[in-house]
Amino acid sequence: MQSDPPLKKNPLLALPFEPALASLGEDYYDVVAAAEFPVHHLRFRNDALLPLLNLDPAAVSDADFIEAFGHFEGQGPFFALRYHGYQFGEYNPFLGDGRGFLYGQVRGRDGELYDLGTKGSGTTPYSRGGDGRLTLKGGVREVLAAEALQALGVRTSRTLSLIETGERLWRGDEPSPTRSSVMVRLSRSHIRFGTFERLHYLGRKDLIRQLLDHVIACYYRPLVDEADRDALFYEQLVERVAELAAQWMAAGFTHAVLNTDNMSITGESFDYGPYAFIDLYDPDFTAAYFDPYGRYSYGNQPLICKVNLEALQIPLETLIPGERMQASLGRFQAFYERAYSRRMLAKLGFEALEASLAKDVLASTLAYLQAARAPYHAFFLQLSRNFCPDWSTEAESILPEWRPAAEAEFLQWRTLYQQALQTLPPAELDAVAERLREHNPSTVLLRPQIENVWAAISENDDWEPFLTLVERLQDPFDPPNTHERQR
Ligand code: AMP
Ligand code: MG
């Protein structure tokens, strides 16, 4: 008599993994082994994600996390994904997962398929001389970015766990030796624009067809029965990416490395390296020291997203008529502006304004911020904290302390802002106060915050400031009704 396999006690190992990508055959990945690490300290577990995986946080121990996401021996198969990409405009056919792999794919409680992917889990055929590792600081930074973006309404990957692994790493951009870690990321998909680019480079039209069918079936399900689903997929991707760019811009976020291998086919934001939230409002702000021409500057992100979407037309050309894709791409700007202005108007306290007034208020806000080189987040936070219904009749009381920084632009903005308030019925002004509070965070992940948290870790192994910051970033807004009392 055959006996049942022993039940896995670790709920993370017992997740119902689905071989979605594996079902496509062996053209998309290399099976790889994980590194073995000398130590395992669980530094972060994202309990907020466990319900999505049908797991009760209380039923998953720290030891379960370490066993599943730190000791990889006996698990797998693990897939280092194959992809190419345009890096800073240059085609690179030597990419692929160089320090991570697809750990597994699992269906969430919401019915969607999710990837668990590692970062820092060892070398692969794509490591190109790299050590296959993730610095602890890099891991800490990625945890913080994803949690901050999520709370600001940006479609983003998340971090499921971060384990310190006890190795000494050498890096040019961190004081070295520096500490090591391995991270597990939860994302909608690790299929990138560059996954298609590689297939085109290899002349594999058959695989482009197969992969696109897979992408539509898994991530664009409502399109499956549409006759022109390929073209509709591209159109929806354009829309999703335009919305993502708008989400970054409104959040004041600079991704910093928008190569096509870092662009997800689902339109989700992921892979946070040298990113930064802007401090002063400056479209030219560039986060990566290795981006001297500002290709991926804060203000260039919408354009670069469009450029990347255009590059994706090349591998898709055999499946979708070029004119159709160009027509879809032609709508990028409109998709972007719609999403960006909706978010920015909300940051100004409005849900809907007459179109030309909305445009003028937004343009004058940005003109002021830029002329004043104003601190972006502080401006909106102060607007939110100081807002008073009387502003609709008393222009002088609107943020007087912000006036000297760029007086002409300030006065223009103030006039238009007041005009916008005056279009609202008096009862609506309370809703403005609430909207301001809900869209303007009081905890913002500026670089000094990250450095402070890191200093506590690196100097005293004190993780309290990091964990506190994560918690605050997960709910970064002032509590309801606090502004009332401040006024
Ligand atoms: P990224 O800039 O993080 O998107 O990485 C670009 C490429 O470099 C990807 O193929 C990575 O897997 C690879 N890579 C980055 N850092 C390392 C490393 N330390 N060891 C091996 N490969 C790496
Ligand atoms: Mg990457």
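Bear in mind the structure is a predicted one, so any value in this text is a computation, not a measurement. Both ligands and their constituent atoms are indexed starting at 1 by order of listing.
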Taking atom 13 (C) of ligand 1 as the reference point, the nearest protein heavy atom with its distance: Arg128 NH2, 3.7 Å
Looking at every non-hydrogen atom in both residues, tell me the closest pair between Phe277 and Leu446 and how far apart they are. O-CD2, 3.9 Å
In terms of residue, atom name and distance, what is the protein heavy atom nearest to atom 19 (N) of ligand 1? Asp131 OD1, 2.9 Å
Heavy atoms from other residues, nucleotides or ligands near OH of Tyr289 exceed 12 (cutoff 6.0 Å): yes
For Tyr340, all residues meeting side chain to side chain donor-acceptor pair (under 3.5 Å), sequence neighbours excluded: none
for atom 20 (N) of ligand 1, nearest protein heavy atom and its distance come out as Gly132 N, 2.9 Å
Can you tell me if Glu317 and Gln313 form a side-chain donor-acceptor pair at under 3.5 Å? no
Residue Gly130 vicinity, atoms of ligand 1 by number, heavy atom under 4.0 Å: 20 (N), 21 (C)
Any side-chain donor near an acceptor of the partner, Tyr103 and Ser121, under 3.5 Å: no
For ligand 1, does Phe290 get within less than 4.0 Å through its side chain, its backbone, both, or neither, judged by non-hydrogen atoms? neither
Heavy-atom protein neighbour under 4.0 angstrom from atom 4 (O) of ligand 1: yes
For Asp478 against Ser442, the heavy-atom pair lying closest together: OD1-OG, 2.9 Å
Return yes when Arg192 approaches ligand 1 closer than 4.0 angstrom through a heavy atom, no otherwise. no
What's the verdict on ring-ring contact (aromatic ring centres under 6.0 Å, His included) for Tyr29 and Phe78, showing C-alpha distance, side-chain angles and the deciding distance? CA-CA 9 Å; Tyr29 54 81; Phe78 300 132; over 10 Å; no
Please step through side chain to side chain donor-acceptor pair (under 3.5 Å) for the pair Ser180 and Thr165, ending with a clear verdict. CA-CA 5 Å; Ser180 66; Thr165 47; 2.6 Å; yes
protein heavy-atom neighbour closest to atom 12 (O) of ligand 1 works out as Gly98 N, 2.7 Å
Will you find, in the side chains of Glu147 and Gln474, an N or O donor that is under 3.5 Å from an N or O acceptor? yes
Please determine whether any non-hydrogen atom of Gly96 lies less than 4.0 Å from an atom of ligand 1. yes
May I ask you to list the atoms of ligand 1 that are less than 4.0 angstrom from any heavy atom of Ser127? 21 (C), 22 (N)
Where ligand 1 meets Tyr83 - atom numbers and elements under 4.0 angstrom, heavy-atom basis: 9 (C), 10 (O)
Per-atom filter on ligand 1: closer than 4.0 angstrom to a heavy atom of Arg171 are 19 (N)
Which of the atoms of ligand 1 are close to Asp97, meaning less than 4.0 Å from one of its heavy atoms? 12 (O)
Going by the rule salt bridge (charged side-chain N to carboxylate O under 4.0 Å, His left out), which residues pair with Glu235 if we only count those two or more places apart in sequence or in a different chain? Arg331
Of the protein's non-hydrogen atoms, which lies at the shortest distance from atom 14 (N) of ligand 1, and what is that distance? Arg99 NE, 4.0 Å
Taking distance alone, no hydrogens or angles, what donor-acceptor pairs closer than 3.5 Å link side-chain atoms of residues 215-226 to residues at least two apart or in another chain?
residue, atom, partner, partner atom, Å
Tyr220, OH, Ile265, O, 2.8
Arg221, NH2, Glu112, OE1, 3.0
Arg221, NH2, Glu112, OE2, 3.4

Give the residue, atom name and distance (to 0.1 Å) of the protein heavy atom nearest atom 1 (P) of ligand 1. Asp271 OD2, 3.9 Å
For the Mg ion (ligand 2), every protein N/O/S atom that sits closer than 2.8 Å, waters excluded: Asn262 OD1, Asp271 OD2
Answer yes if the side chains of Asn452 and Trp454 hold a donor-acceptor pair under 3.5 Å, and no otherwise. no
Quick one: does Ile163's side chain get under 4.5 Å of Phe37's, heavy atoms only? no
Lys/Arg N to Asp/Glu carboxylate O, Asp271 vs Arg185, below 4.0 Å: yes
Just which atoms of ligand 1 are under 4.0 Å from any heavy atom in Asn262? 4 (O)
